[in-house]
Amino acid sequence: DTTLLADSLRKLLPFKKYVFEMPIDSLLHVMNGYGYADLTIVVNALRDPRHDNDTHRIRVFRCPPRGSIRINEIHYDPLKSLDHPIGEFVELINADRVPHNLEGMVLIIAEKTCVLKSDILAPEEVIAITSDSSTRDYCLQRTHRCQLTATTLAMRSSGDSLVIRDPYGFVVDSLVY
């Protein structure tokens with residue numbers, strides 16, 4: 001737990017509504033990188049006998065900078081002739097110096113949308129995204145991290161576009177092949 005202290009106000013009038021603002025970027029050291037964080041906000045007013053309204057809980061998302069999570073490699077043409085066929089996968093890398101949580105980020109391939117699950121990537125760490133359980137084993141040998149998605153990736157061999165968006169819809173990275 002970390003306590004952040006804001007400037008104290010000398011006079012708060014009773015029965016008035018007050019709005020307290022704090023830039024989300026000032027919470028970076030509390031949030032341990034980018035992604036979702038659960039915050040508890042406590043406001044104590046001097047001589048306030050009611051403490052049932054002092055606490056507010058909120059979940060916030062700190063957007064990663066563009067290019068911090070990158071599409072590192074794609075495999076769009078499944079290899080079926082091997083003893084262990086390799087299906088489609090997309091490999092992501094954290095190209096930043098701080099950890100990133102992938103929760104809520106969206107991988108868009110053509111018109112298909114795949115919402116990523118909670119996975120914290122350390123700096124320079126790689127994770128593969130696939131919808132094929134046999135490909136998952138291959139990816140785990142390569143990257144040691146893999147996320148299995150229910151959405152079939154279905155990348156076209158003739159070419160396609162891939163986009164990673166944060167939960168607010170901002171583009172983090174994109175690729176056309």
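All of these numbers come straight from a predicted model, not from anything done at the bench. Along the sequence shown, residues are numbered consecutively beginning with 1.
- In terms of heavy-atom proximity, Ser161 sits nearest to Val176 at CB-CG2, 4.1 Å.
- Note: Leu102 CG to Leu116 CG = 5.5 Å, rounded to the nearest 0.5 Å.
- The structure places CG of Asp77 at 4.0 Å from OG of Ser157, a figure rounded to the nearest 0.5 Å.
- By the neighbour-count criterion of 12 heavy atoms within 6.0 Å, atom CZ of Phe170 is sparsely surrounded, having that number or fewer from other residues, nucleotides or ligands.
- A side-chain N or O of Asp119 and one of Gln147 form a donor-acceptor pair less than 3.5 Å apart.
- Between Val172 and Asp166, the closest heavy-atom pair is CG2-N, 3.9 Å.
- Residues Asp173 and Ile69 form no side-chain contact, since every pair of their non-hydrogen atoms from C-beta on lies 4.5 Å or further apart.
- The closest donor-acceptor contact from the side chain of Asp96 to the backbone of His100 lies at 3.5 Å or more, if one exists at all.
- Considering all non-hydrogen atoms of both residues, Lys112 and Thr152 come closest at CD-O, 3.2 Å.
- Residues Ile93 and Tyr76 do not share a hydrophobic cluster, clusters being chains of Ile/Leu/Val/Met/Phe/Trp/Tyr side chains in contact below 4.5 Å.
- Taking each heavy atom of Asp160 and Arg156 in turn, the nearest pair found is OD1-NH2, 3.1 Å.
- Looking at heavy atoms from C-beta onward, Thr113 lies out of side-chain contact with Thr151 at the 4.5 angstrom threshold.
- Rounding to the nearest 0.5 angstrom, the gap separating the CZ atom in Arg66 from the OG atom in Ser174 is 5.0 Å.
- Side-chain N or O atoms of His75 include one that pairs as donor or acceptor with a backbone N or O of Gly87 at under 3.5 Å.
- The distance from the CG atom of Leu175 to the CD1 atom of Ile164 is 9.5 Å, given to the nearest 0.5 Å.
- Hydrophobic cluster membership differs between Ile120 and Val115, with clusters built from Ile, Leu, Val, Met, Phe, Trp and Tyr side chains linked at under 4.5 angstrom.
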Next item on the list: Tell me, with the steps shown, if Arg70 and Asn94 meet side-chain contact (heavy atoms from CB on, under 4.5 Å).
Entry: CA-CA 7 Å; Arg70 292 194 180 148; Asn94 178 357; over 6 Å; no
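- Scanning both residues, Thr149 and Leu153, for their nearest heavy atoms gives CG2-CD2, 4.2 Å.
- Listed for the Ser68 side chain is no donor-acceptor partner under 3.5 Å among the backbone atoms of Ala95.
- Under the 4.5 Å side-chain criterion, counting only non-hydrogen atoms from C-beta, Glu125 is not in contact with Pro99.
- Annotation: side chain of Glu73 is not in contact with side chain of Val126 (no heavy-atom distance under 4.5 Å).
- Salt bridge absent: Lys117 and Glu103 never bring a charged side-chain N and a carboxylate O closer than 4.0 Å.
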Next item on the list: Please lay out, stage by stage, how Ile108 and Arg165 fare under the test side-chain contact (heavy atoms from CB on, under 4.5 Å).
Entry: CA-CA 8 Å; Ile108 302 167; Arg165 293 186 180 273; 3.7 Å; yes
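- Tyr36 approaches Gly104 most closely through the heavy-atom pair CE1-CA, 4.3 Å.
- Using cut-offs of 30° and 60° for the angle between ring planes, the Tyr138 and Phe89 rings count as tilted.
- Considering CD of Glu124 and CZ of Arg97, their distance stands at 11.0 Å, rounded to 0.5 Å.
- Within 6.0 Å of CZ on Arg57 lie no more than 12 heavy atoms contributed by other residues, nucleotides or ligands.
- Hydrophobic clustering (ILVMFWY, side-chain heavy atoms < 4.5 Å, transitive): Ile127 and Leu140 are in distinct clusters.
- Once rounded to the nearest 0.5 Å, the distance linking CD1 of Ile74 with CD1 of Ile129 reads 14.0 Å.
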